[in-house]
Amino acid sequence: MGVRDSLLAVLAVSCLCLQPQVLHSQEDVVCNSSDSKALLDLMSNFESPIDGWGLNASANCCNWPGVVCDSSSSLGLSDGSSGSGRVVELVLASRKLAGNLSDSIGKLDQLRFLNLSLNLLRSTLPESLLHLPNLQVLDLSHNKFSGPVLESTNLPSLRVFNISKNSFTGSPPVRICENSTGIQVLNLAVNSFSDVIPLGLGNCGSLQNLSLATNGFTGGISEDIFTLGQLVQLSLQENSFSGPLGSGISNLTALIWLDISTNRFSGPIPDVFQNMKKLQYFICQTNGFTGSIPPSLSNSPSLRFLNLQNNSLTGTIVLNCSALSSLVSLDLGSNNFNGPFPEDLPNCQQLQSVNLARNKFTTPIPQSFKNFSSLVYLSIANSSLSKLSSALRILQHCENLTVLLLTRNYFNEELPGDASLSFPKLKVLIIANGQLTGSMPQWVRGCTHLHLLDLSWNRLGGMIPSWIGDFQSLFYLDLSNNSFVGEIPKEITRLSGLIHRNLSMMEPYPDLQLFMKRNESERGLQYNHVTSFPPTLDLGSNYLDGSIWPEFGNLKNVHIFVLRNNFLTGSIPHSLSGMTSLETLNLSHNNLSGRLPSSLVHLTFLSKFSIAYNNLSGPIPKGGQFLTFPDSSFEGTKLWWDDHVPPSPISQNLPRPAKPAMTDRNIGMTIGVAVGMAIGITLGASRIGNSCLYLIIKFCNCVTSHH
Ligand SMILES: *[C@@H]1O[C@H](CO)[C@@H](O)[C@H](O)[C@H]1NC(C)=O
Ligand SMILES: *[C@@H]1O[C@H](CO)[C@@H](O)[C@H](O)[C@H]1NC(C)=O
Ligand SMILES: *[C@@H]1O[C@H](CO)[C@@H](O)[C@H](O)[C@H]1NC(C)=O
Ligand SMILES: *[C@@H]1O[C@H](CO)[C@@H](O)[C@H](O)[C@H]1NC(C)=O
Ligand SMILES: *[C@@H]1O[C@H](CO)[C@@H](O)[C@H](O)[C@H]1NC(C)=O
Ligand SMILES: *[C@@H]1O[C@H](CO)[C@@H](O)[C@H](O)[C@H]1NC(C)=O
Ligand SMILES: *[C@@H]1O[C@H](CO)[C@@H](O)[C@H](O)[C@H]1NC(C)=O
Ligand SMILES: *[C@@H]1O[C@H](CO)[C@@H](O)[C@H](O)[C@H]1NC(C)=O
Ligand SMILES: *[C@@H]1O[C@H](CO)[C@@H](O)[C@H](O)[C@H]1NC(C)=O
Ligand SMILES: *[C@@H]1O[C@H](CO)[C@@H](O)[C@H](O)[C@H]1NC(C)=O
Ligand SMILES: *[C@@H]1O[C@H](CO)[C@@H](O)[C@H](O)[C@H]1NC(C)=O
Ligand SMILES: *[C@@H]1O[C@H](CO)[C@@H](O)[C@H](O)[C@H]1NC(C)=O
């Protein structure tokens, strides 16, 4: 080997060695060895190492992922080996880090920004962390940190303190601002802090956003919070605050967002909103407020979003729409409002979303609603309304109406069928639980954009028309618990919204609060789209006969398919295995015969299955989800498990009740009530899907009417 070759080899080796540095080079800043040691010590307390950290990767910790150094404090020091860069930022969010946060974090005394959010860290807070002189932003949210937050903190540079969604207990760190006067954001939401909030937060004069949501706080809002004149967002929802809402709240003149929902506040809502000239969001649903809507609230020009749902407010709804010029969303549902239907609402120029459900109005929908051109979403379910025909004739003039919920009203009236009615923009139509008579209304055919149609729990009769198959976007059809007769129109098996995920469905409803869902964030409120409902076809509890079309197998997008409690005959088509998204399949209480097709074992998502009370016989297919179904799925048939020796049926074929549809309807109603109550009870603290919420809304309606 010549000298030249050796030189090349040396070069090649040194290049290889240098490569990591070259790739990640951070302006040649070399890590202070004491910082390097602190980081390694941090890592050794995590349950697994961090990729790219450690002496293998690079001796220079300033090149490690998530580490940012600054050399400005040691400029002029050119001796790279001694180390001149100090760690100023550490971002290790969303890295599945588990284990402890060690006290050596305190050695990083130049640290300004620390983000360890969205990990699985579960120690208590190390004391040294709360004494970092330069720390400006601390984000430990979404971890499993526990224990109390120490009384003594000294973080003079702190601006943002986010420890939400952990398991901290005890008293909240209200004295934190004594040494951290510049805090702007303090987020303690979703922890297990408890008891009355002690005085102390009054020192947080710079505070803009304060969230104490989803903890166990009791008593009133501590008085010194009302001195925080810079506050723009105050989130107190999901605690056990009680007593009156103090009038001191009116001192918070910078407030944009006030959420006190899901607490136990009581007494009247104080009439003190005239000074809160920036307030856009007032969310106080699920409390015990009584009395009427205070005039300063019903005349607020800044208010965009008013949610007073689920309180005990009474009297006539009085809103001054000439003043409420910014109001976009109004939720007054589930109160004790009575008196005439609020006639002035259409004069709220921006108003798009209106929920007045579960009140008791003494007059029907007024003529003034013909002018309600901004209206997009209207729920007036369960509000003692009458005159359905007139209501529809008025509402059809609301040119932007997209979602209409009229459930539990208009009892025993006729669902008008006139083809002259027209709702061209309607995407959601729910007129359920009214015992309405008539047949499938012709005007529904003109609602060509329908995504969701629910006419269940009425007394609609006649045949289901074949035009039902024409809708391009319909993915949720519930005609159950009616008196429809005849064959199921084969056209229904062509519903394209049930065949594939229609992309137009994915488009969200802009600015539309459809159903409310509690989530774990500090806001605690989230509004969901119709598009998250499970694709459903429910024709159960009618008087349908004929057989099950093999073409149902084309409906690949259906999650819930129910034909129970009809008079269907023939065999179960093996092609149903083509409904590959099925989670629920209920064909029980019919006159189906023959064998149970073994192809159904390929329905891998099927979790609820019943073909009980049919004339089926033969072996139950083995495998797939069928291994998980209980015997009751097959009750009242002559089916047997493969390893049983025939004839040893699961149970004898029971005779059908004389009037199956009616009997079963009553059973269904009772079950519905029970389920509704059970779900309702768990609702407060729960985090539930919106399909579930939808059911709750339906069942709650059901509960109220049933008694
Ligand atoms: C975390 O700390 C606890 C108790 O302080 C200790 O038992 C545990 O071993 C530590 N875990 C790690 C990964 O160091
Ligand atoms: C670090 O280097 C040692 C020895 O050089 C080696 O055994 C080890 O696998 C390396 N670790 C990583 C993570 O590369
Ligand atoms: C490294 O940081 C320590 C403080 O943690 C300091 O005393 C030392 O001077 C620093 N070294 C250099 C070379 O900057
Ligand atoms: C911390 O990182 C997470 C995940 O990237 C991010 O969502 C969050 O906003 C960051 N926190 C701060 C204070 O920037
Ligand atoms: C403020 O910092 C000083 C000095 O570290 C400390 O003695 C005091 O307890 C701190 N105050 C609070 C309320 O933590
Ligand atoms: C924690 O709060 C800060 C300030 O509000 C925010 O920027 C950050 O995104 C929050 N962290 C997470 C993970 O949401
Ligand atoms: C503070 O609250 C305001 C008003 O609700 C909001 O717009 C802003 O995003 C919040 N800032 C932080 C950092 O959370
Ligand atoms: C409201 O603000 C005024 C003046 O800033 C102050 O004197 C008063 O104590 C405050 N009220 C409450 C309840 O904090
Ligand atoms: C309505 O409020 C009551 C308590 O006042 C609560 O139990 C119930 O869960 C609330 N309902 C909804 C739908 O939030
Ligand atoms: C309604 O609001 C308008 C505009 O702010 C105001 O002029 C009028 O006096 C208010 N009416 C009532 C009854 O408060
Ligand atoms: C609708 O508005 C127009 C003009 O603003 C008015 O003349 C008409 O009376 C209103 N109609 C109803 C039914 O309120
Ligand atoms: C009706 O909807 C259209 C399209 O979204 C919108 O441009 C228009 O402003 C709305 N009309 C009213 C009165 O809000």
Side-chain angles (χ1 to χ4, degrees), residues 66 89-97 106 112-119 127-128 130-133 135-143 149-156 158-165 171 173-181 183-187 198-201 203-204 209 237-238 240 242 261-266 283-290 307-313 331 333-336 355 357-358 381-382 515-518 521-522 524-525 676-686 688 690 692-701 703-704:
E89 282 187 27
L90 189 53
V91 179
L92 295 172
S94 305
R95 284 175 174 265
K96 301 196 172 78
L97 298 178
R112 294 178 216 146
F113 188 100
L114 177 61
N115 191 346
L116 297 174
S117 69
L118 300 151
N119 284 300
E127 192 178 345
S128 67
L130 300 176
H131 291 85
L132 284 170
L135 195 64
Q136 297 171 11
V137 176
L138 176 61
D139 190 347
L140 302 180
S141 63
H142 294 261
N143 275 288
V149 179
L150 297 173
E151 248 312 88
S152 163
T153 59
N154 190 3
L155 298 163
L158 198 62
R159 288 187 292 107
V160 172
F161 188 76
N162 187 351
I163 57 166
S164 64
K165 189 131 204 304
S171 198
V174 290
R175 294 180 59 206
I176 191 168
C177 294
E178 281 179 28
N179 285 328
S180 315
T181 51
I183 295 190
Q184 293 166 0
V185 178
L186 185 56
N187 190 343
L199 291 177
L201 289 172
N203 290 312
C204 301
N209 299 50
Q237 68 271 19
E238 296 192 332
S240 298
S242 59
S261 61
T262 316
N263 278 293
R264 296 179 195 154
F265 287 111
S266 58
I283 305 158
C284 82
Q285 49 123 341
T286 307
N287 275 291
F289 287 114
T290 52
N307 184 344
L308 307 178
Q309 198 220 116
N310 199 23
N311 280 285
S312 303
L313 300 172
D331 191 343
S334 300
N335 277 289
N336 299 327
N355 178 17
R358 290 171 297 276
N382 201 1
F515 298 109
M516 187 195 60
K517 175 185 159 187
R518 295 248 137 231
S521 82
E522 56 270 39
L525 284 172
M677 285 176 156
I679 299 174
I681 286 162
T682 53
L683 191 63
S686 63
I688 43 183
N690 52 351
C692 192
L693 256 168
Y694 164 74
L695 289 175
I696 292 163
I697 288 164
K698 280 181 71 170
F699 283 134
C700 287
N701 293 345
V703 176
T704 358

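Bear in mind that the values here come from a model prediction, so they are computed numbers and not experimental data. Both counts, for ligands and for their atoms, begin at 1 and track the order of listing.
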task: Grab the two heavy atoms, one from Gly288 and one from Asn311, that are nearest each other, plus how far apart they are.
output: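 Nearest heavy atoms, Gly288 then Asn311: N-OD1, 3.4 Å.
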Hey, could you give me the [atom1]/[atom2] distance between [X] and [Y], rounded to the nearest 0.5 Å?
{"X": "Lys165", "Y": "Ser117", "atom1": "NZ", "atom2": "OG", "answer": "12.0 Å"}
{"X": "Leu158", "Y": "Ile183", "atom1": "CG", "atom2": "CD1", "answer": "4.5 Å"}
{"X": "Leu130", "Y": "Thr153", "atom1": "CG", "atom2": "OG1", "answer": "6.0 Å"}

Nitrogen or oxygen atoms of Asn310 and ligand 9 under 3.5 Å apart: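 Yes, since at least one N or O of Asn310 sits under 3.5 Å from an N or O of ligand 9.
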Distance-only N or O hit between ligand 9 and Thr286, under 3.5 Å: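 Yes, at least one N or O pair falls under 3.5 Å.
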field: Residues which pass side-chain contact (heavy atoms from CB on, under 4.5 Å) with Arg95, listed by chain and number, not counting sequence neighbours
entry: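 In terms of side-chain contact (heavy atoms from CB on, under 4.5 Å), with neighbours along the sequence ignored, Arg95 is linked to Ile50, Pro65, Leu92, Leu97, Asn119.
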Contacts of type side-chain contact (heavy atoms from CB on, under 4.5 Å), residue Pro156, not counting sequence neighbours: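 Partners of Pro156 by the side-chain contact (heavy atoms from CB on, under 4.5 Å) criterion, ordered by chain and then number, come out as Asn154.
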- prompt: Side chain, backbone, both or neither: which part of Phe161 has a heavy atom under 4.0 Å from ligand 4?
  reply: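 Neither part.
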task: Determine whether the side chain, the backbone, both or neither of Leu118 has a heavy atom under 4.0 Å from any heavy atom of ligand 4.
output: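 The answer is the side chain of Leu118.
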field: Heavy-atom check, side chain of Leu114 versus side chain of Leu135, under 4.5 Å
entry: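 SC-SC contact between Leu114 and Leu135 confirmed.
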query: Do Leu155 and Asn179 have side chains that get closer than 4.5 Å, going by heavy atoms?
result: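 No, side chains not in contact.
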Val137: numbered ligand 4 atoms lying under 4.0 Å from its heavy atoms: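 Here the atoms of ligand 4 in question are 13 (C).
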field: Where ligand 4 meets Ser117 - atom numbers and elements under 4.0 angstrom, heavy-atom basis
entry: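 So the atoms of ligand 4 that pass are 1 (C), 2 (O), 3 (C).
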query: Which protein residues have a heavy atom closer than 4.0 Å to any atom of ligand 5, listed by chain and number?
result: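 For ligand 5, the contacting residues are Glu151, Ser152, Thr153, Asn154, Arg175, Glu178, Asn179.
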query: By side chain to side chain donor-acceptor pair (under 3.5 Å), which residues pair with Asn310, not counting sequence neighbours?
result: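 Scan of Asn310 (side chain to side chain donor-acceptor pair (under 3.5 Å), adjacent residues dropped) gives Thr286.
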- request: Please indicate whether any nitrogen or oxygen in Asp139 is less than 3.5 Å from any nitrogen or oxygen in ligand 4.
  value: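 Yes, there is a polar N/O contact under 3.5 Å.
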